Protein chains: 2
Amino acid sequence: MRIAEAANASGLSIDTIRYYEKSGIVPKVQRGSDGKRRFSKENVDWLTLLFWLRETGMPVKTMHRFAVLYQAGDDTIPERKTILLAHADFLKKRRADLDRCEEVLAYKLATYENLQGESLASSKP
Amino acid sequence: MRIAEAANASGLSIDTIRYYEKSGIVPKVQRGSDGKRRFSKENVDWLTLLFWLRETGMPVKTMHRFAVLYQAGDDTIPERKTILLAHADFLKKRRADLDRCEEVLAYKLATYENLQGESLASSKP
DNA sequence: CCTTGACCGGGACTAACTCCAGGTCGGTAT
DNA sequence: ATACCGACCTGGAGTTAGTCCCGGTCAAGG
C-alpha cells in the first residue's frame, strides 16, 4: 500500500511517516519500481503502534530505541517489554493528571457560576 | 513570593514562568526594589491553573486567549467558560486515547509472552 | 501530447520550551 | 572593606517533533 493509505490506516500524517523513516524509527520501507514507498502490513502495524505511543506522549528518542531493538530480533524482547511497561506506568500518571485537571476545571467553572449568579440575580443587600 | 517558590508551588519551571510572562499569558508580575519578580497569591493560582491546562495539552495560543479574557474582567466569563468546557471535552478524548493505548500495550505485551514462552519452554513438536 | 494526481527529497518554519552566557543585587565570611 | 555566594535578571541560541512549501518525477487518462 502507498503512503497515503498507510497514513490513513496508522493515524500518522504523511509528513510524519517520512520524518519517522528519515529518523530511523521506521525500518527502511520497500520502494516500487517507480521509487515510491510500498508499505507492508507489518509496516503499517508498526506505524500504528508508533502512533499510539507518540499520541500518548512517548518521546521519539524512546521510540527510536524501541525501533532499534525491534530490528535487532527477538533477543531484545526483555528490554522492549521494559520500555512498554514503563510507558504503561507513564499512562497511569497521565490519567492522574487528567483527573486532577478535571477537578481544577470543575472548581473553576463553579466559581464562574457563582460570579454570574451574583451579577445576574440582583439579590445582594 | 519569589520566582523559585512560585515555580515550586505552581508546577511550572522558572524558565517557563518567565516565558509565559514574556508571551503575555501571565499578567505583568510586580517587581521588588531589587528588580526581581514578586508573585502574589493570585499570580500563583493563575500559574497553577496554566500548569494544569498546559500539562493536559491546551495550546499556548488558547491559554493566551484565556489570559486576555481574564484580564478584561467579568464580562468575558461566558467565553472563558466556553474555553474551559471545550478543554474538558478534550480531556475526554485524551482519556479515550489512554484507554486505547493501554489496550495496544496489553496486546503487544501478550505477544511477547507468547514469543518468550515459545523460545523458553522447549516444548514444541 | 499534455495535463493531472500522487509521490519525492530538501529545506524553511513553528511551538513550546530549555539552556546558557554575562550581568546585578543583597547578604555573609574574612 | 572586600571578596564571594546564591538567587535572580535579560537576551539569545539550541532542541523536539513535527508541519509546510517548493520544484521535480512518473504513470495514467483525455
Side-chain angles (χ1 to χ4, degrees), chain A residues 1-26 28-40 43-44 46-68 83 87 90 94 97 101, chain B residues 1-26 28-40 43-44 46-68 83 87 90 94 97 101:
Chain A
M1 88 173 53
R2 278 165 311 186
I3 198 167
E5 216 181 331
N8 238 307
S10 65
L12 295 170
S13 77
I14 291 180
D15 274 327
T16 301
I17 292 176
R18 288 203 275 250
Y19 165 69
Y20 278 5
E21 192 185 355
K22 233 186 294 182
S23 34
I25 293 178
V26 179
K28 281 280 165 207
V29 178
Q30 298 289 322
R31 300 293 180 119
S33 57
D34 52 0
K36 295 177 180 179
R37 293 176 182 80
R38 290 301 141 97
F39 294 81
S40 67
N43 284 151
V44 174
W46 180 249
L47 289 175
T48 307
L49 176 58
L50 291 185
F51 170 77
W52 286 110
L53 293 178
R54 191 68 204 85
E55 188 78 358
T56 53
M58 180 180 285
V60 171
K61 208 172 216 172
T62 309
M63 299 200 304
H64 187 266
R65 175 81 188 133
F66 190 68
V68 168
I83 291 175
H87 191 64
F90 175 73
R94 280 245 157 158
D97 281 355
C101 188
Chain B
M1 99 174 40
R2 280 164 312 184
I3 200 168
E5 218 181 330
N8 238 309
S10 65
L12 295 170
S13 77
I14 290 179
D15 275 326
T16 301
I17 292 176
R18 288 202 275 248
Y19 165 69
Y20 279 4
E21 192 185 356
K22 235 186 292 184
S23 34
I25 293 179
V26 178
K28 282 279 166 208
V29 178
Q30 299 289 320
R31 302 290 180 120
S33 56
D34 52 0
K36 295 178 180 179
R37 293 176 182 80
R38 288 302 140 94
F39 294 81
S40 68
N43 284 150
V44 174
W46 181 249
L47 289 176
T48 307
L49 176 58
L50 291 186
F51 170 78
W52 284 110
L53 294 178
R54 191 68 203 87
E55 186 78 357
T56 54
M58 179 179 285
V60 170
K61 209 171 215 171
T62 310
M63 299 200 304
H64 186 266
R65 175 81 188 133
F66 190 69
V68 168
I83 291 176
H87 191 63
F90 175 73
R94 280 243 155 159
D97 282 355
C101 187

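Convention: sequence-line order gives letters A, B, ...; per-chain numbering from 1. Quick caveat: nothing in here was measured; it's all calculated off a predicted structure.
When all heavy atoms of A:Ala67 and A:Ile25 are compared, the closest pair comes out as CB-O, 3.5 Å. For the pair A:Ala4 and A:Ile14, the tightest heavy-atom approach, listed with the atom from each and the gap, is CA-CD1, 4.0 Å.
Nearest nucleotide to the side chain of A:Arg31, out of C:dG9, D:dC9, C:dC7: C:dG9.
Side chain of A:Glu21 to backbone of A:Val29: a donor-acceptor contact under 3.5 angstrom is found.
Rounded to the nearest 0.5 Å, atoms OG (A:Ser13) and OH (A:Tyr20) are 8.5 Å apart. To the nearest 0.5 Å, the span separating CH2 on A:Trp52 from CG on A:Leu12 amounts to 11.0 Å. Between the CG atom in A:Leu53 and the OG1 atom in A:Thr48 there is a gap of 10.5 Å [rounded to 0.5 Å].
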Please enumerate all protein N or O atoms sitting under 3.5 Å from an N or O of nucleotides 20-28 of chain C, with distances to 0.1 Å.
none

Which pairs, protein N/O on one side and nucleotides 14-18 of chain D N/O on the other, fall under 3.5 Å?
| unit_1 | atom_1 | unit_2 | atom_2 | d |
| --- | --- | --- | --- | --- |
| D:dA17 | OP1 | A:Val60 | N | 3.2 |
| D:dG18 | OP2 | A:Tyr20 | OH | 2.7 |
| D:dG18 | OP2 | A:Arg54 | NE | 2.8 |

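For the pair B:Leu12 CG and C:dC17 P, the computed distance is 8 Å after rounding to whole Å. Regarding B:Arg65, its CZ atom lies at a distance of 20 Å from the C1' atom of C:dA15, rounded to whole Å. Summarising the geometry, the separation between CZ on A:Arg38 and C1' on D:dC26 is reported as 12 Å, rounded to the nearest angstrom. Regarding B:Leu53, its CG atom lies at a distance of 15 Å from the C1' atom of C:dA16, rounded to whole Å. Between A:Ile17 atom CD1 and D:dT19 atom C1' there is a gap of 14 Å when expressed in whole angstrom units. The NZ-C1' distance, from B:Lys22 to C:dA16, rounds to 12 Å in whole Å. Regarding A:Glu21, its CD atom lies at a distance of 12 Å from the P atom of C:dG10, rounded to whole Å. Note: CD1 (A:Ile3) to P (D:dT19) measures 13 Å, nearest angstrom.
Contact annotation: B:Arg37 side-chain N/O to D:dC9 OP1/OP2 distance is under 4.0 Å.
Side-chain contact check for B:His87 and B:Thr56: at least one donor-acceptor pair (N or O, by modelled atom type) lies under 3.5 Å.
Counting only residues at least two apart or on different chains, the salt bridge (Lys or Arg N to Asp or Glu O under 4.0 Å) pairs with a member in residues 6-20 of chain B are B:Asp15-B:Arg18.
For the pairing with A:Asp34, the salt bridge (Lys or Arg N to Asp or Glu O under 4.0 Å) check across A:Arg38, A:Arg31, A:Arg37 returns one residue only, A:Arg38.
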